[in-house]
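These values consider heavy atoms only, across backbone and side chains, with no hydrogens, waters or symmetry-generated copies. Naming: A, B, ... by sequence-line order, numbering from 1 per chain.
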Number of protein chains: 2
Amino acid sequence: MMPLMAHAHTAREKARLLREAERVCAAAGEQFTPLRRQVFELLTQAHAPAKAYDLLAKLGGDAKPPTIYRTLEFLMKLGLVHRIESLNAFVACDVGACGRSTIFLICDRCGHAEEFDAGHALVDLGEAAARDGFEIKRTMIEATGLCAECKAA
Amino acid sequence: MMPLMAHAHTAREKARLLREAERVCAAAGEQFTPLRRQVFELLTQAHAPAKAYDLLAKLGGDAKPPTIYRTLEFLMKLGLVHRIESLNAFVACDVGACGRSTIFLICDRCGHAEEFDAGHALVDLGEAAARDGFEIKRTMIEATGLCAECKAA
DNA sequence: GCACGGTACGTTATCTTGTCACGTAGGATG
DNA sequence: CATCCTACGTGACAAGATAACGTACCGTGC
Ligand SMILES: [Zn+2]
Ligand SMILES: [Zn+2]
Ligand SMILES: [Zn+2]
Ligand SMILES: [Zn+2]
């Protein structure tokens, strides 16, 4: 793993995400409890998608699996956190809280996962599926390859 | 689960996939052994993505996990089988052997997963990522929602 | 025939990932 | 203060996946 990467969250950026999370949470009429905050902070600090059991270990003490899975589920419900299916790992949302459809570019080499806007790709897919009679509710797109930094190196 | 669905493989369709698999395998200079054939057949018969341990059980006898994972890995290497990451499950490829990038529409209700051609969505995504400096090698797209049959019902 | 190397598969153990069921603490409401 | 709800703790376990090593078999070259 690279020591530090260009897209690491700065302290300023992290603070912004936290404020945004508080806002989203309040708007949803939900509580941003210390546990939820701690897990979310751990995710904003991570330089790559975090595994559930690694987060669990970082909670310290003797937290058990349901603790972390419940918390992640909550954060995902609000759109603050996304699950990367192909890695069985989790990332804080870049933009506060997105809709149900996310796109990630995952670097094979450094492990970084970049949340991405694919323009009309999603719309096109939805329309193509609809022509087939399929009604899409949620789309997961995970692409692997080489990020700009790793390609340069 | 529905008793039968429009896209269930007919005996004829299944035979076609088997012949195609033999061909692909031979072309790759690999062996289509009885075990590989059996696993592939189980997958062509399944009406929904199959779990590794379920396949393992259907192999009968006392097969152990590495048996099924090795076999699935082999079939995936040839593109004959795809893994659906969001389900931790496997499906036989509809078209014989596709490239590294697949699209699935997964019905929440009946569990069916339909392999799909999204036209230019993939190309657009690749181009958009490239503008960001990211070089995509493989793309996984999994959309969930309601299939035509389930929507009608 | 027989040593050799390669592929496929068996076997054991272990690790990682995720869920179920139930219990408790604390705040809000009446 | 009884009641309800949400969050969280806890123990047990199920499900998913891999590591490491051993064996059987088949072909090649001698
Ligand atoms: Zn997001
Ligand atoms: Zn990279
Ligand atoms: Zn395919
Ligand atoms: Zn359906």
Side-chain angles (χ1 to χ4, degrees), chain A residues 21-22 24-43 46 48-78 80-91 111 113 140 142, chain B residues 21-22 24-43 46 48-78 80-91 111 113 140 142:
Chain A
E22 281 167 1
V24 166
C25 215
E30 302 276 9
Q31 308 172 42
F32 200 53
T33 65
L35 176 61
R36 289 166 179 176
R37 165 182 293 268
Q38 189 187 358
V39 170
F40 185 72
E41 284 195 64
L42 285 172
L43 284 169
K51 313 284 268 178
Y53 276 63
D54 291 346
L55 290 169
L56 198 54
K58 286 187 187 143
L59 289 181
D62 43 358
K64 307 286 191 303
T67 296
I68 193 68
Y69 283 106
R70 276 195 292 237
T71 307
L72 289 169
E73 182 185 25
F74 170 85
L75 294 169
M76 286 193 290
K77 185 182 72 187
L78 294 194
L80 295 168
V81 162
H82 303 298
R83 179 188 175 97
I84 303 204
E85 302 285 353
S86 60
L87 301 176
N88 291 337
F90 303 84
V91 290
M140 272 159 295
E142 297 171 16
Chain B
E22 281 167 2
V24 166
C25 216
E30 302 277 9
Q31 308 172 42
F32 199 52
T33 64
L35 176 61
R36 289 168 180 174
R37 166 182 292 267
Q38 190 186 359
V39 170
F40 186 71
E41 284 196 64
L42 285 172
L43 285 169
K51 315 283 269 179
Y53 276 63
D54 291 347
L55 290 169
L56 198 53
K58 286 185 188 145
L59 289 182
D62 44 357
K64 308 284 190 305
T67 295
I68 193 68
Y69 283 106
R70 278 196 291 236
T71 307
L72 290 168
E73 183 185 24
F74 171 85
L75 294 170
M76 286 193 290
K77 185 183 73 186
L78 294 194
L80 294 169
V81 162
H82 304 298
R83 178 188 175 98
I84 303 204
E85 302 284 354
S86 60
L87 301 176
N88 291 336
F90 303 84
V91 290
M140 175 224 90
E142 295 172 17

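Residue B/L78 holds its CG atom at 9.0 Å from CZ of B/F32, rounded to the nearest 0.5 Å. Interatomic distance, A/L72 CG to A/L56 CG, rounded to the nearest 0.5 Å: 9.5 Å. Considering CZ of B/F90 and CZ of B/F40, their distance stands at 14.5 Å, rounded to 0.5 Å. Note: B/I84 CD1 to A/E85 CD = 11.5 Å, rounded to the nearest 0.5 Å. With rounding to the nearest 0.5 Å, the separation of CG in A/L55 from OG1 in A/T67 is 12.0 Å. Note that CZ of B/R37 and CG of B/L75 are 11.5 Å apart. Values are rounded to the nearest 0.5 Å.
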Every protein N/O within reach of nucleotides 18-27 of chain D N/O, cut-off under 3.5 Å:
none

Between the protein and nucleotides 24-30 of chain C, are there any N/O to N/O pairs under 3.5 Å, and if so, what are the atom names and distances?
none

Shorter than 3.5 Å, N or O on both sides, protein versus nucleotides 3-7 of chain D: list them out with atom names.
from: D/dA7; atom 1: OP1; to: A/R36; atom 2: NH1; distance (Å): 2.9
from: D/dA7; atom 1: OP1; to: A/R36; atom 2: NH2; distance (Å): 3.1
from: D/dA7; atom 1: O5'; to: A/R36; atom 2: NH2; distance (Å): 3.4

> Does the pair B/L59 and B/L35 meet the rule for a side-chain contact (heavy atoms from CB on, under 4.5 Å), with working shown?
Replying inline: CA-CA 9 Å; B/L59 289 182; B/L35 176 61; 4.0 Å; yes
>> Test side-chain contact (heavy atoms from CB on, under 4.5 Å) on A/N88 and A/R83; report intermediate values, then the result.
In response: CA-CA 7 Å; A/N88 291 337; A/R83 179 188 175 97; 3.3 Å; yes
> Passes side-chain contact (heavy atoms from CB on, under 4.5 Å), A/T71 versus A/T33? Steps please.
Replying inline: CA-CA 10 Å; A/T71 307; A/T33 65; over 6 Å; no
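Side-chain N/O atoms of A/N88 include none lying less than 4.0 angstrom from OP1 or OP2 on D/dG16. A sub-4.0 Å separation between OP1 or OP2 of C/dT17 and a side-chain N or O of A/K51 is present.
Inter-residue side-chain proximity for A/E142 and B/E142 is flagged as unmet; no heavy-atom pair is nearer than 4.5 Å. Looking at B/M140 and A/M140, their side chains come closer than 4.5 Å, going by heavy atoms from C-beta outward.
One can place CG of A/L59 at 15 Å from C1' of D/dT10, the figure rounded to the nearest angstrom. Between the P atom of C/dT17 and the CG atom of B/L87 lies a distance of 18 Å, rounded to the nearest Å. C/dC9 atom P lies 12 Å from atom CG of B/L72, rounded to whole Å. Here the P atom of nucleotide D/dA14 and the CG atom of B/D54 are 15 Å apart, to the nearest Å. In this entry the distance linking CG of B/L55 with P of C/dC9 reads 15 Å, nearest Å. B/Q38 has its CD atom 13 Å from the C1' atom of C/dC9, to the nearest Å. Between the P atom of D/dG11 and the CG atom of A/L56 lies a distance of 14 Å, rounded to the nearest Å. Between B/I68 atom CD1 and C/dT11 atom P the separation is 15 Å, expressed in whole Å.
Taking the screw axis at each terminus of the helix from C/dG1-D/dC30 to C/dG30-D/dC1 from five consecutive base pairs, the angle between the two is 10° to within rounding of 10 degrees.
Shown here is B/E73, whose CD atom has no more than 12 heavy atoms of other residues, nucleotides or ligands within 6.0 Å.
Mapping B/R83 and A/T67 onto DNA chain D by nearest heavy atom places A/T67 closer to the 5' end of the strand.
Scanning for side chain to side chain contact (heavy atoms under 4.5 Å, CB included) contacts around B/R70 gives B/P66, with sequence neighbours left out. A/K77 meets the side chain to side chain donor-acceptor pair (under 3.5 Å) test with A/E30; sequence neighbours excluded.
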